[in-house]
2 protein chains.
Amino acid sequence: MTRILIADDHHVVRTGLRAVLEAQPGLEVVGEVGNGEEAVEAAVRLKPDLVILDYAMPVHNGVEATREIRKQLPRTEVLIFTLHDSQEVIEDVLSVGARGYLLKSDANDHLIAAVRALARHEAYISGRVSAELLDTLLDRRRQGKQDPLTPRERRVVQLIAEGRSNRDVCGQLGVSLKTVETHRAAAMRKLGLHNTADLVRYAIKNRIVEV
Amino acid sequence: MTRILIADDHHVVRTGLRAVLEAQPGLEVVGEVGNGEEAVEAAVRLKPDLVILDYAMPVHNGVEATREIRKQLPRTEVLIFTLHDSQEVIEDVLSVGARGYLLKSDANDHLIAAVRALARHEAYISGRVSAELLDTLLDRRRQGKQDPLTPRERRVVQLIAEGRSNRDVCGQLGVSLKTVETHRAAAMRKLGLHNTADLVRYAIKNRIVEV
DNA sequence: CGAATTTTCAGGGTTTCGCCCGATGGTCAG
DNA sequence: CTGACCATCGGGCGAAACCCTGAAAATTCG
């Protein structure tokens, strides 16, 4: 029996996932949550075999939740469930320990296959990137050359681009105002940007936030 | 018995909607389609009482599908089901004949209420806009229809979103700094925005600037 | 382990933003 | 003519953004 935790901020999506999964023998949905923070908490408590995580969630996003879950529960697999087909997103989530990546538009055909693969601890990638390229991607990421922002900087940029002030962000992330300023300044220096407007355009261009 | 047609490009969402709706007495899902063109075709064929349309669909989007369905089937109500809470989207879809607007994040609490209201041919709006403002919105659209910014304000917003500071803009336009600040403030007040990041996202969303 | 990177935080400064208040002309419709 | 918008400008003020320097934990990785 494969025990599954579902994390998605839209109730209707959770209902749909649950309906599809529970129609399958050997699969059991043990919990449903609506954001990344709850996902981590529920995962630790329920110790599921598999967590299905929406990439774009409030409070904690999919990447942060993945990192935390994989850290605390190495035997629990993570399947990222997302709207957008982006190579950067794939590299992002794979690098923090997810082994599954499923587009919402592919859910119909590939959800069960993805879940079965993850249950066997095999990678499953839908979208533009095939599983064959997985190692290449990860190799390239290890060597360097990827996007210049550290995860923390990227997270700060995301929140800024969503319209939060530095003060909001420091509350959200639980760090001091000075730390947020440092990350923001580091990101802008690396990217050669000098104001909020440029930073927001960068974030949109690189799909760190939606428009 | 209220007969319902579901149109959403994500199978999992359709499944979730169907599960929620069919748990209710008096509601029947008579069809599921995955894009706007199929929605029009299926609506004409099935003549449902209500069509639930995803706003963002391939082939035909929600607005086009709504226009066509309302034209061919005046007694069929349309409920727009969308991810984003945007006043412009609301005005858009209401102006082509939809009488329901439901955020996906509100689906859990309000889906049934929305469907029941539409079945009685009453408007139902979730999100930032209350039903009380509905007439005002539609009135304003009938009269003027265009975006709320004056040409000068729009020009200032464009330059800001391109990354210029107020000081840069005043040099560019040959007016005083105070004038630029006034236009910027007026634009933000009209749009209900409170910082640069929100202004830039607005400008991109409304194609005032490119990303 | 040890080096490199990341993350955290601070002081102290200038500039810009965001938001009040007010005002003067110009244009255009009723 | 008389409001209505619109574009132009100003004073003032607190908050936020921006920029520099420095530095100590924590993490990662060879």
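Naming convention: chains lettered A, B, ... in sequence-line order (proteins, then strands); numbering from 1 in each chain.
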If you check every side-chain atom of A:R152, which of D:dC18, C:dT7, C:dC9 has the closest atom?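 The answer is C:dT7.
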Heavy-atom pair of closest approach, residues [X] and [Y]:
X	Y	answer
A:R3	A:K47	NH1-O, 3.1 Å
B:D8	B:F81	OD2-CD2, 4.2 Å
A:A119	A:T2	CB-OG1, 3.7 Å
A:I80	A:A98	CG1-CB, 3.9 Å
A:P151	A:R67	CB-NH2, 3.6 Å
A:A187	A:V157	CB-CG2, 3.7 Å

Let me know the distance between [atom1] of [X] and [atom2] of [N], rounded to the nearest Å.
X	N	atom1	atom2	value
A:I160	C:dC17	CD1	C1'	14 Å
A:K190	D:dC19	NZ	C1'	17 Å
B:L177	D:dG12	CG	P	15 Å
B:R155	D:dT8	CZ	C1'	17 Å
A:R184	D:dC19	CZ	P	10 Å
A:H183	C:dT6	NE2	P	11 Å
B:L199	C:dC17	CG	P	11 Å
B:L193	C:dC17	CG	P	16 Å

Expected output: side-chain B:R152 to main-chain B:H183 donor-acceptor under 3.5 Å: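 No, because the side chain of B:R152 does not come within donor-acceptor range (under 3.5 Å) of the backbone of B:H183.
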Ion pair [X]/[Y], N-O distance below 4.0 Å:
X	Y	answer
B:E181	B:K178	yes
A:K190	A:E153	yes
A:D9	B:K104	no
B:E77	B:R70	yes

Check whether any side-chain heavy atom of B:L79 sits under 4.5 Å from a side-chain heavy atom of B:Y101, and report yes or no.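 No, every pair of side-chain atoms sits at 4.5 Å or beyond.
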Report, one pair per line, the protein and nucleotides 27-30 of chain C atoms (nitrogen or oxygen only) whose separation is under 3.5 Å.
none

Side-chain-base donor-acceptor pair under 3.5 Å for B:K178 and C:dG18: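 For B:K178, whose side chain was compared with the base of C:dG18, there is no donor-acceptor pair (under 3.5 Å).
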Could you run down the sub-3.5 Å N/O contacts of the protein with nucleotides 21-30 of chain D?
none

Given C:dT16, is OP1 or OP2 found less than 4.0 Å from the side-chain N or O atoms of B:T196?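 Answer no for this pair, as no side-chain N or O of B:T196 is under 4.0 Å from OP1 or OP2.
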At less than 4.0 Å, is any side-chain N or O atom of B:H194 found next to OP1 or OP2 of C:dC19? Yes or no.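 Yes, B:H194 has a side-chain N/O under 4.0 Å of OP1/OP2 on C:dC19.
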Give B:S176 one of three labels, base, sugar-phosphate or nothing, depending on what nucleic acid heavy atoms sit under 4.0 Å from its own.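 Sugar-phosphate only.
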When you measure from every atom of DNA chain D, which of residues 162-172 of chain B have a heavy atom less than 4.0 Å away?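 Those residues whose heavy atoms fall under 4.0 Å from DNA chain D, taken from residues 162-172 of chain B, amount to none.
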Mapping B:E181 and B:G174 to their closest nucleotides on DNA chain D, which lands nearer the 5' end?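 Checking each residue's closest nucleotide, the 5'-ward one belongs to B:G174.
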